[in-house]
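A, B, ... follow the sequence lines: proteins, then strands. Residue 1 opens every chain.
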There are 2 protein chains.
Amino acid sequence: MITNDDMDHVFHALAHTTRREILDHLRAEPGISVGDLAAKFDVSRIAVMNHLTILERAGLMTSEKQGRSRKLYINIMPIQEIHDRWTDTYSAYWADRLGHIKVAAEAAARAAKGELDNE
Amino acid sequence: MITNDDMDHVFHALAHTTRREILDHLRAEPGISVGDLAAKFDVSRIAVMNHLTILERAGLMTSEKQGRSRKLYINIMPIQEIHDRWTDTYSAYWADRLGHIKVAAEAAARAAKGELDNE
DNA sequence: TAATTATGTAATTACATGATTACAAATGAT
DNA sequence: ATCATTTGTAATCATGTAATTACATAATTA
């Protein structure tokens with residue numbers, strides 16, 4: 001079972017463009033090394049390594065040492081789990097794609113009414 | 001079009017249990033006031049308000065003043081958009097639910113082979 | 001108008017992030 | 001054994017988070 005702390009970690013890991021881009025690279029090139037990955041970014045290798053630590057804590061990345069190199073792999077299971085939970089939680093809203101439009105329309109109506117009332 | 005900054009904000013907003021719980025309450029009780037919402041939590045009203053600011057920045061929450069009170073509403077559109085993007089990006093992995101199992105199996109196989117090679 | 005209630009702002013504090021440079025350790029090649 | 005390469009660790013710095021208490025503003029009610 002996925003805990004709140006788990007979700008905190010996963011969302012936090014995803015809350016940085018560089019880390020999401022790292023996941024993109026791991027998806028495109030499974031088994032890439034730390035150095036090769038870092039070379040794709042403008043920031044330093046150390047910065048990339050710190051991002052890797054955060055991704056690993058969230059369970060989004062795994063690695064295996066191969067000689068003096070380290071091969072990196074994406075693990076999408078946490079994303080999968082969150083995706084599932086969202087689908088569960090919010091399906092009522094977007095089962096039909098009009099859900100949020102309806103909510104927005106109601107909010108607009110309330111706002112309009114509020115403006116009238118305050119005049 | 002949703003930008004990287006947008007996604008940073010949304011994920012960051014979701015990366016805190018209290019904020020996710022706030023969204024749950026807004027979903028269950030649309031139009032709830034700041035004070036009534038804050039009363040449901042152990043932390044101070046100010047702490048809750050700061051969370052609301054972060055949720056609002058991410059576009060996950062909207063509000064409208066009603067007299068001296070403020071009514072709060074969830075807005076799931078950003079979640080919707082991220083959900084859509086994920087489904088797009090990772091559908092190849094979980095179109096069949098065996099995707100990540102296959103990847104995990106391959107990683108295990110590599111690990112096993114690595115151990116053999118190093119003996 | 002005065003008192004009460006709901007929300008908002010300011011200042012502060014402890015701690016975490018994200019980045020850097022410099023150095024250390026492990027591995028493979030010559 | 002030496003040297004280059006790849007990865008990891010340590011120390012540091014500026015900035016951002018998350019929380020607090022104290023005070024200020026705005027809107028009903030008596």
Side-chain angles (χ1 to χ4, degrees), chain A residues 4-23 25-26 29 31-58 60-73 114-115 117-119, chain B residues 4-23 25-26 29 31-58 60-73 114-115 117-119:
Chain A
N4 274 329
D5 275 1
D6 290 339
M7 296 190 80
D8 285 2
H9 289 150
V10 174
F11 280 123
H12 175 254
L14 293 171
H16 198 286
T17 302
T18 302
R19 286 195 289 267
R20 291 195 303 276
E21 286 175 358
I22 286 175
L23 289 183
H25 284 298
L26 298 189
E29 206 170 330
I32 191 174
S33 71
V34 175
D36 286 356
L37 177 67
K40 294 177 184 297
F41 292 90
D42 286 339
V43 297
S44 73
R45 179 182 60 86
I46 308 302
V48 171
M49 284 212 334
N50 289 338
H51 286 309
L52 290 178
T53 301
I54 290 171
L55 287 169
E56 200 157 29
R57 183 183 65 173
L60 287 166
M61 192 269 292
T62 62
S63 65
E64 44 170 342
K65 288 223 75 160
Q66 189 117 56
R68 73 180 150 185
S69 170
R70 189 169 138 223
K71 310 189 77 179
L72 307 172
Y73 302 93
E115 280 171 11
D117 289 349
N118 293 342
E119 252 178 298
Chain B
N4 274 330
D5 275 0
D6 290 339
M7 297 190 81
D8 285 3
H9 289 148
V10 173
F11 280 123
H12 175 254
L14 293 170
H16 199 285
T17 302
T18 302
R19 287 195 288 267
R20 291 195 303 276
E21 287 175 357
I22 287 175
L23 289 183
H25 284 297
L26 297 190
E29 204 169 332
I32 191 175
S33 71
V34 175
D36 287 356
L37 178 67
K40 294 175 184 296
F41 292 91
D42 286 339
V43 297
S44 73
R45 179 182 59 87
I46 307 301
V48 171
M49 282 211 337
N50 289 337
H51 286 309
L52 290 178
T53 301
I54 290 172
L55 288 169
E56 199 156 29
R57 182 182 66 174
L60 288 165
M61 190 271 290
T62 62
S63 65
E64 45 169 341
K65 289 222 73 161
Q66 189 116 57
R68 72 181 151 186
S69 168
R70 190 169 138 220
K71 311 189 77 180
L72 308 172
Y73 302 93
E115 280 171 11
D117 290 349
N118 291 342
E119 254 178 297

Query raised in the report: So, does A:R70 use its side chain to make a donor-acceptor pair with the main chain of A:G35 at under 3.5 Å?
Result: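 No, A:R70 side chain to A:G35 backbone: no donor-acceptor pair under 3.5 Å.
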Side-chain heavy-atom pair [X], [Y] within 4.5 angstrom cut-off:
X     : Y     : answer
B:I32 : B:K71 : no
B:L26 : B:Y73 : no
B:H12 : B:R19 : yes
B:I54 : B:N50 : no

Requested in this report: Using only side-chain N and O atoms of A:S44, determine if any of them is under 4.0 Å from OP1 or OP2 of C:dA19.
Outcome: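 Negative; the distance criterion is not met.
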**Report entry** ring pair (Phe, Tyr, Trp, His ring centres under 6.0 Å) involving B:H16 - partner list, sequence neighbours excluded
**Finding:**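 Once residues adjacent in sequence are excluded, the partners of B:H16 under the ring pair (Phe, Tyr, Trp, His ring centres under 6.0 Å) criterion are B:H51.
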Query raised in the report: B:R19 side chain: which of D:dA19, C:dG18, D:dA18 is closest?
Result: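 The answer is D:dA18.
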Distance check needed: [N] [atom2] versus [X] [atom1], whole Å only.
X     : N      : atom1 : atom2 : result
A:H9  : C:dA16 : NE2   : P     : 11 Å
A:F11 : D:dT17 : CZ    : P     : 18 Å
A:Q66 : C:dA26 : CD    : C1'   : 15 Å
B:F41 : D:dA18 : CZ    : P     : 14 Å
A:D42 : C:dG18 : CG    : P     : 17 Å
B:H51 : D:dG16 : NE2   : P     : 18 Å
B:D8  : D:dG16 : CG    : C1'   : 14 Å
B:K71 : C:dT7  : NZ    : P     : 12 Å

Report task. Classify every nucleotide of nucleotides 3-13 of chain D by which part a protein heavy atom approaches to under 4.0 Å, writing B for the base, S for the sugar-phosphate alone and - for neither, in 5'-to-3' order. Result -> -BBSBBBB---
